[in-house]
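Accompanying notes for the structure given below.
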Protein chains: 2
Amino acid sequence: MEQRSAVNIANSLEHMIFDGTFADGDRLDEVRLAEQFGVSRTPLREALQRLESSGLVTLIPRRGAFVRQPGPLELLEMFEVMAELEAVCARLAARRMSNEALEELREANIRCQMASEAQDSDLYYAENERFHATIYRESGNSFLEQESLKLQKRLRPFRRQQLRFRGRMAQSLTEHEAIVAALTSGDSNAAANALRDHVTVQGERFQSLMAGLKAAAS
Amino acid sequence: MEQRSAVNIANSLEHMIFDGTFADGDRLDEVRLAEQFGVSRTPLREALQRLESSGLVTLIPRRGAFVRQPGPLELLEMFEVMAELEAVCARLAARRMSNEALEELREANIRCQMASEAQDSDLYYAENERFHATIYRESGNSFLEQESLKLQKRLRPFRRQQLRFRGRMAQSLTEHEAIVAALTSGDSNAAANALRDHVTVQGERFQSLMAGLKAAAS
DNA sequence: AACTATCTTCTTGTATACAAAGTGATTGAC
DNA sequence: GTCAATCACTTTGTATACAAGAAGATAGTT
């Protein structure tokens with residue numbers, strides 16, 4: 001696992017938290033991780049602080065760093081905010097979007113469709129992210145774009161699960177087409193509502209998934 | 001200036017950036033600041049990293065830390081996002097808000113009115129922030145609340161200038177009353193629009209201020 | 001005289017050493 | 001036998017020492 005540099009370590013740890021190497025509440029031992037990465041404690045502590053600022057870790061003074069996975073309630077809240085953020089992006093983009101960008105959206109959608117037909121959820125997810133990121137960009141507000149990308153990244157591991165559901169990719173595609181149609185006609189409200197609903201569906205799916213798991217556990 | 005602990009240093013530096021001790025683009029010398037605060041470079045670097053994550057400083061590898069004040073364009077973008085965030089808060093709060101919280105808003109508004117009559121813009125600003133923060137809280141979404149508070153904090157020094165304008169406090173008060181009325185009647189759309197407009201006004205005021213400065217400089 | 005290359009110096013990034021605080025275990029007293 | 005207090009050990013926080021890279025100056029060449 002020999003790897004250098006503080007920011008790379010943060011990315012590696014982030015990935016390890018996402019893929020389940022560390023569970024919620026796990027304590028991240030500085031000296032242990034430092035020797036695993038082949039560095040000293042200094043850059044590792046820097047990495048932990050970066051993870052804290054992106055919300056994946058809580059740093060308790062004199063106690064250490066603990067993995068902090070958002071619980072069901074917080075995830076729902078984050079999905080709600082994501083839906084509203086994307087709705088704002090869509091509303092702005094409907095007025096400001098160029099024809100080239102609209103074409104870009106359609107092309108991304110075609111690639112989504114191919115991925116859907118191939119039942120390749122990984123590819124679908126990648127193209128889906130590009131679809132959404134294009135709308136963020138076309139909001140014409142780069143601060144909004146950055147904030148949206150940040151939240152998108154944070155919700156990535158949870159959004160990804162949604163696509164495993166049977167028929168979800170096809171439904172998602174249909175929603176994408178409605179979004180493109182609204183953006184093409186320049187209808188701000190329709191675009192905002194379409195995108196809000198599109199994201200909200202994922203939050204609700206997630207909610208039912210959590211409810212199912214809870215029921216199975218009891 | 002002798003002061004201890006990394007997080008306190010971050011707050012002090014933040015304050016120094018806000019009050020103009022450091023100008024935009026200034027390089028923050030680690031050793032110089034370290035001895036000014038009476039600590040070593042280690043906690044000071046930690047503070048700089050915190051400031052980077054909150055957007056007040058950019059860390060260029062092997063080059064140093066530089067103060068990063070948002071320019072006019074970025075500020076307008078941030079005001080636009082703030083307006084939309086608060087609109088979302090209002091829309092959610094209109095449905096979820098308790099009677100106690102509504103009473104809290106009215107009381108905050110009364111204190112705003114007293115501050116306005118006393119022409120005390122500092123007091124007005126403090127009470128105004130509480131008014132807004134109450135709405136964030138009553139959105140019932142603590143993630144949204146936290147994000148709104150973060151952006152509110154970041155825009156604080158710029159919002160504050162607005163109140164110096166003649167008649168702005170009185171106008172702001174009138175808008176507050178419209179917001180309370182919409183929230184009381186539970187009208188989500190009216191509340192969202194009222195709050196969006198209320199914040200957007202500040203962004204536009206800021207824009208005209210910047211335009212004025214620019215014209216005066218040329 | 002101007003441009004380039006190298007060397008020196010200054011600054012950042014990393015490692016290690018040290019100090020302080022917290023946790024747990026062991027021992028003593030009730 | 002149980003509870004509490006003290007002591008030891010573990011772990012975080014900070015300082016210092018060291019390494020590496022970037023900027024600037026000086027000298028040499030064209």
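A, B, ... follow the sequence lines: proteins, then strands. Residue 1 opens every chain.
The interatomic distance linking B/Leu59 (CG) with C/dT11 (C1') rounds to 13 Å, in whole Å. Rounded to an integer number of Å, the gap from CZ of B/Phe37 to P of D/dA15 is 13 Å. Summarising the geometry, the separation between CD on B/Glu35 and C1' on D/dA15 is reported as 14 Å, rounded to the nearest angstrom. As rounded to whole Å, 16 Å separates atom P of C/dT14 from atom CG of A/Leu33.
DNA chain C lies under 4.0 Å from no heavy atom of any residue of residues 47-58 of chain A.
For A/Ser116, the side chain to side chain contact (heavy atoms under 4.5 Å, CB included) partners are A/Tyr124, A/Met169, A/Leu173, not counting sequence neighbours. Contacts of B/Glu104 classified as side chain to side chain donor-acceptor pair (under 3.5 Å), with partners at least two apart in sequence or in another chain: B/Arg137. Residues that satisfy the side chain to side chain donor-acceptor pair (under 3.5 Å) test with B/Thr21, not counting sequence neighbours, are B/Asp19. B/Phe143 meets the ring pair (Phe, Tyr, Trp, His ring centres under 6.0 Å) test with no other residue; sequence neighbours excluded. Every side chain to side chain contact (heavy atoms under 4.5 Å, CB included) that B/Leu123 has, sequence neighbours left out, goes to B/Ala115, B/Asp120, B/Glu127. Residues that satisfy the ring pair (Phe, Tyr, Trp, His ring centres under 6.0 Å) test with B/Phe22, not counting sequence neighbours, are absent from this structure.
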Polar atom pairs between nucleotides 11-13 of chain D and protein, under 3.5 Å, N or O only, would you list them?
from	atom 1	to	atom 2	distance (Å)
D/dT11	O3'	A/Arg27	NH2	3.1
D/dT12	OP1	A/Arg27	NH2	2.8
D/dT12	O3'	A/Arg62	N	3.4
D/dT12	O2	A/Arg62	NH1	3.1
D/dG13	OP1	A/Arg62	N	3.0
D/dG13	OP2	A/Arg45	NH1	2.8
D/dG13	OP2	A/Arg45	NH2	3.2
D/dG13	O4'	A/Arg62	NH1	3.4
D/dG13	N7	A/Arg41	NH2	2.8
D/dG13	O6	A/Arg41	NH1	3.1

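For A/Thr42, no side-chain nitrogen or oxygen approaches OP1 or OP2 of C/dT14 to under 4.0 Å.
The list of side chain to side chain donor-acceptor pair (under 3.5 Å) pairs with a residue in residues 143-155 of chain B, not counting sequence neighbours, reads B/Glu14-B/Lys153, B/Glu147-B/Lys150.
The aromatic rings of A/His176 and A/His198 sit perpendicular, their planes meeting at an angle over 60°, well past the 30° parallel limit.
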